[in-house]
**Q** 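Let me begin by handing over the structure; questions about it come next.
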2 protein chains.
Amino acid sequence: MIAAGGRLCQLLGLPRSTGQIYGLLYLSTRPLSLDDLVEQLGISKASASTGTRLLCAWGAIQQVWLAGERRPHFEVVAEVGRLVRGCYTEFIKPRLTSSQRRLESMTSSLDEELAHGLLTPEEHRLCANRLTNLARLQKKLLRIAPVAEKFI
Amino acid sequence: MIAAGGRLCQLLGLPRSTGQIYGLLYLSTRPLSLDDLVEQLGISKASASTGTRLLCAWGAIQQVWLAGERRPHFEVVAEVGRLVRGCYTEFIKPRLTSSQRRLESMTSSLDEELAHGLLTPEEHRLCANRLTNLARLQKKLLRIAPVAEKFI
DNA sequence: CAATTCGTTCAATCTGGATTGAACGAAATC
DNA sequence: GATTTCGTTCAATCCAGATTGAACGAATTG
């Protein structure tokens, strides 16, 4: 589980240690402290600190205060599906909408170039077609979201 | 467009140059040779060679032989949606199915540990629950595919 | 208040993988 | 057949970003 989490994060361009922390906590039968993570994963306290903070910010894990312990421990929060959804709304969706704006500006500047005679009508038609294709794809990708949410 | 392709590839953990090549070809009004790519993108011929080969393998671009030219040129193939679908069947789906197998083996070894008294029934129940949660999520993700294909 | 225990931060280091220059082989041209 | 023009391959290099050790500050304990 630790290895799987590490590889998944590395595949996504995220710190491997972060995935390892989640993997360990996911099958731990009790909340773990920072030093537990350091010891069991063989990572530095610095990595453990930044990793847990990142996972907390994503709502993947949470701090809990155990009776008799004065430092916080960590445990995973239940639903994994929420992580996937969060990944969509945090990562994919903003990029899709921002690139939609960029596409619009590219289209308008393309029209300008045609008006100034920098492009033949032929060339303009080809580029405009490709850009509208992209725009259409983006709209579809954005429309999938509500459908997918019903499934997950 | 070049920058967008480069950044997208970099985000996905792919060579930036590959994305740049696709971005340039996507708005080019004519097929380009390897040396065109080298010149216009400022990348080495080695990067251009491996990049075009990768994109050809994905069906993102294709070679065309222009009359009077003895070396092949490259152009994008139209539908972008096919790329997204290919990304799913090539990357996501295999990983989902392989990790499904791994999950099953983990579950069975977990049962063994319970039988050998290495785990309390309490601990076994918690781990088994989390594993079945994961398995359920994977099944859902796999089931989304046919739905999404109708949309894109 | 001193001493200890933590978590955080930051500069330095390490590393996986992209990039590249050069060598190579194939094909075409003369 | 010699020469030039290509595309490919591979070892060396480079780089972004993950990791870490050490220093720091806050909180707690004696």
Side-chain angles (χ1 to χ4, degrees), chain A residues 2-25 31-58 60-75 91, chain B residues 2-25 31-58 60-75 90-91 95:
Chain A
I2 294 167
R7 257 177 294 143
L8 179 60
C9 274
Q10 214 163 8
L11 180 71
L12 299 175
L14 300 170
R16 183 177 62 210
S17 56
T18 303
Q20 290 174 320
I21 292 170
Y22 187 80
L24 174 56
L25 288 179
L32 300 179
S33 71
L34 263 194
D35 283 336
D36 289 333
L37 299 175
V38 169
E39 186 188 356
Q40 296 201 33
L41 295 176
I43 61 179
S44 71
K45 195 151 62 169
S47 293
S49 174
T50 59
T52 51
R53 201 141 26 93
L54 189 59
L55 289 169
C56 282
W58 288 347
I61 68 176
Q62 63 184 4
Q63 288 189 349
V64 291
W65 274 267
L66 270 55
E69 287 277 0
R70 65 187 185 86
R71 55 182 180 172
H73 287 54
F74 298 93
E75 66 179 10
F91 278 85
Chain B
I2 295 168
R7 256 176 294 145
L8 179 60
C9 274
Q10 215 162 9
L11 180 71
L12 298 175
L14 300 170
R16 183 178 61 209
S17 55
T18 303
Q20 291 175 319
I21 293 171
Y22 187 80
L24 175 56
L25 288 178
L32 300 179
S33 70
L34 263 193
D35 282 337
D36 290 333
L37 299 176
V38 169
E39 187 188 357
Q40 296 201 34
L41 295 177
I43 62 179
S44 71
K45 195 152 61 168
S47 293
S49 174
T50 60
T52 52
R53 200 141 26 92
L54 190 59
L55 289 169
C56 283
W58 289 347
I61 67 175
Q62 63 184 3
Q63 289 189 347
V64 291
W65 274 267
L66 271 54
E69 286 277 358
R70 65 187 183 85
R71 55 181 178 171
H73 286 54
F74 298 93
E75 66 178 9
E90 298 274 330
F91 278 86
R95 283 168 207 277

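Remember, predicted model here, so these are calculated numbers, not experimental data.
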**Q** Which of these nucleotides, dT9(C), dT28(D), dG7(C), is closest to any side-chain atom of Arg53(A)?
**A**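 The answer is dT9(C), which lies nearest to the side chain.
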**Q** Select one nucleotide: of dG7(D), dA28(C), dT20(D), the one nearest the side-chain heavy atoms of Ile43(A).
**A**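 The answer is dT20(D).
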**Q** Enter the inter-axis angle for the ends of the helix from dC1(C)-dG30(D) to dC30(C)-dG1(D) (five pairs per end, rounded to 10°).
**A**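 The helix from dC1(C)-dG30(D) to dC30(C)-dG1(D) shows an end-to-end axis angle of 0°.
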**Q** Just to verify, which of Leu34(A), Leu66(A), Asp35(A) counts as forming a side-chain contact (heavy atoms from CB on, under 4.5 Å) with Arg71(A)?
**A**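 So, applying the side-chain contact (heavy atoms from CB on, under 4.5 Å) to Arg71(A) and each of Leu34(A), Leu66(A), Asp35(A), only Asp35(A) qualifies.
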**Q** Under the criterion side-chain contact (heavy atoms from CB on, under 4.5 Å), which of Ile2(A), Ile21(A), Leu24(A) is the partner of Gln40(A)?
**A**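 So, applying the side-chain contact (heavy atoms from CB on, under 4.5 Å) to Gln40(A) and each of Ile2(A), Ile21(A), Leu24(A), only Leu24(A) qualifies.
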**Q** In whole angstrom, give the distance that lies between atom CD of Glu69(A) and atom P of dT29(D).
**A**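 Atom CD in Glu69(A) sits about 12 Å away from atom P in dT29(D).
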**Q** Can you check nucleotides 10-18 of chain D for protein contacts, nitrogen or oxygen pairs under 3.5 Å, and list what you find?
**A**
residue, atom, partner, partner atom, Å
dA18(D), OP1, Gly13(A), O, 3.3

**Q** From the set dT9(C), dT29(C), dT9(D), return the single nucleotide nearest to any side-chain atom of Ser49(A).
**A**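 Given the options dT9(C), dT29(C), dT9(D), the side chain of Ser49(A) is closest to dT9(C).
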**Q** Using a cut-off of less than 4.0 Å, is there contact between a side-chain N or O of Ser44(A) and OP1 or OP2 of dT19(D)?
**A**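 Answer is no, no contact under 4.0 Å.
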**Q** Please say whether more than 12 non-hydrogen atoms of neighbouring residues, nucleotides or ligands are located less than 6.0 Å from CD in Glu39(B).
**A**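 Open.
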**Q** Please tell me if Ser47(A) has a side-chain N or O lying less than 4.0 Å from either OP1 or OP2 of dT20(D).
**A**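 Checking Ser47(A) against dT20(D): at least one side-chain N or O falls below 4.0 Å of OP1 or OP2.
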**Q** Give, for atom CZ of Arg53(A) and atom CH2 of Trp58(A), the distance between the pair rounded to the nearest 0.5 Å.
**A**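 Going from the CZ atom of Arg53(A) to the CH2 atom of Trp58(A) covers 13.0 Å.
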**Q** State whether the side chain of Ser47(A) and the backbone N or O of Ile43(A) hold a donor-acceptor pair below 3.5 Å, judged by distance alone.
**A**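 Judged by distance alone, no pair lies under 3.5 Å.
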**Q** Between Val38(A) and Lys45(A), what is the shortest heavy-atom contact and its length?
**A**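 Residues Val38(A) and Lys45(A), closest heavy atoms: CG2-CA, 3.6 Å.
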**Q** Measuring to OP1 and OP2 of dA27(C), would you say a side-chain N or O of Arg71(B) lies under 4.0 angstrom away?
**A**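 Arg71(B) to dA27(C) OP1/OP2: no side-chain N or O under 4.0 Å.
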**Q** Rounded to the nearest 0.5 Å, what's the gap from OG on Ser49(B) to CG on Leu37(B)? Could you check?
**A**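 Atom-to-atom, Ser49(B):OG and Leu37(B):CG are 10.5 Å apart.
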